[in-house]
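Working notes, beginning with the structure itself.
So you know, we letter chains A, B, ... as the sequences are listed, proteins then strands, and number each from 1. Computed from heavy atoms alone, side chains included, the values below leave out hydrogens, waters and symmetry copies. Treat the numbers as computed from the prediction; the structure is a model and nothing was measured.
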There are 2 protein chains.
Amino acid sequence: MQSAEVKFNRNSLLLTLKRYSSAVSDMEKTILLPSLLRDVPSGCEAADETCRDLYANYLMLKAIRNTVESSLVLLDDHKGKNATFTKTLEPSVDADPEALFLFHLRGLFSVMSDLIKKTRGLTEKYLDIIGLAN
Amino acid sequence: MQSAEVKFNRNSLLLTLKRYSSAVSDMEKTILLPSLLRDVPSGCEAADETCRDLYANYLMLKAIRNTVESSLVLLDDHKGKNATFTKTLEPSVDADPEALFLFHLRGLFSVMSDLIKKTRGLTEKYLDIIGLAN
C-alpha cells in the first residue's frame with residue numbers, strides 16, 4: 001500500500017505543479033542580479049528564431065509559474081502561440097474525449113518536468129556565472 | 001478584487017477537476033441501473049467506429065473520474081490511444097515550452113468542460129429513459 005501511495009504522490013499533477021513553483025522560487029532567491037543573464041546564450045543555435053538568451057528564459061519561467069499558481073487561463077483565447085497545436089488537434093476532439101483527456105494530462109506532466117529541469121539548470125548556470133557553482 | 005477572485009476560482013484547474021468529479025458522483029447516485037443504458041445510442045452515427053452506446057460512455061466517464069482523482073498517469077506510457085497526438089506534437093516540444101504548457105493547460109480545461117457536459121447529459125438521458133425527466 002505504501003509503495004502505491006508513494007507512486008501516487010510522485011505522479012500527482014498538483015504536486016508536480018507545486019514542485020515547479022518551488023523550483024522557480026529557489027531560482028528567484030538565488031538569482032539576485034537577473035541582468036547578468038542578458039545575452040548569455042541558452043544552449044540553442046543563435047540562428048534558430050526561437051532561441052532566447054538566459055534572461056528571456058528566466059522571465060518565461062517566472063511567467064509560467066504565475067500561470068501555474070493562478071491556473072488562470074482564458075479558454076476563449078485560442079489565438080496566438082498555441083493556434084497551430086489547436087488546429088492540428090481540433091478534428092479529434094469529438095472523436096475520443098478520453099484519449100484527449102489523457103493526452104493533455106500526460107502532456108502537462110511532461111512539459112512541467114521539462115520546465116522543472118530548465119529552472120534548476122538556469123539556477124546552476126547563474127551560480128556558474130558568478131563563480132559560486134558547486 | 002472580489003470579481004477577480006471569482007474569475008480565478010471559476011477558472012482554477014483544481015476546481016474544474018473537482019466539478020467533474022462531483023458531476024460523475026451525481027451520475028452514479030442517479031443511475032441505479034446502468035445496464036438500462038446498454039445499446040442506447042449516444043447520439044453519434046452507428047457507422048462511426050468510435051461511436052459507443054451510453055453504457056460505454058458511462059464506464060468511460062467513471063474511468064476518467066478515477067484518473068482525475070488519482071492523477072495517476074504513467075509518463076512512459078506513450079503507446080496506445082494518444083500515440084498519434086504525441087507524434088504530431090513531438091517536434092515542437094523543444095521549440096517553445098511556454099506554448100506547449102499553455103496548450104496542454106487550456107486543452108485540459110477544455111476537455112474537462114466537455115466531459116462535465118457529457119456527464120450531466122448522460123444523467124439527464126437516464127432520467128428520461130426511466131420516465132423521471134424534468
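For residues 55-65 of chain B, heavy-atom neighbours of chain A at less than 4.5 Å comprise B:M60, B:A63, B:I64, sorted by residue number.
Of the inter-residue distances, the one linking A:F103 atom CZ with B:H104 atom NE2 reads 4.5 Å to the nearest 0.5 angstrom.
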Show me the side-chain donor-acceptor pairs of residues 123-133 of chain B shorter than 3.5 Å, one per line, residues at least two apart or across chains.
| residue | atom | partner | partner atom | Å |
| --- | --- | --- | --- | --- |
| B:T123 | OG1 | B:T119 | O | 2.8 |
| B:Y126 | OH | B:L32 | N | 3.4 |
| B:Y126 | OH | B:L33 | N | 3.1 |

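Counting heavy atoms from C-beta outward, B:T67 and A:E98 have side chains that stay 4.5 Å or more apart. The shortest distance between side-chain heavy atoms of B:V68 and A:F101 falls below 4.5 Å.
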A:L105/B:M112 under side chain to side chain contact (heavy atoms under 4.5 Å, CB included): CA gap, chis, key distance, verdict: CA-CA 11 Å; A:L105 192 59; B:M112 290 321 297; over 6 Å; no

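Smallest separation of non-hydrogen atoms from B:V111 and A:P97: CG2-O, 3.6 Å.
Proximity to chain B is limited to the side chain of A:L115, based on heavy atoms less than 4.5 angstrom apart.
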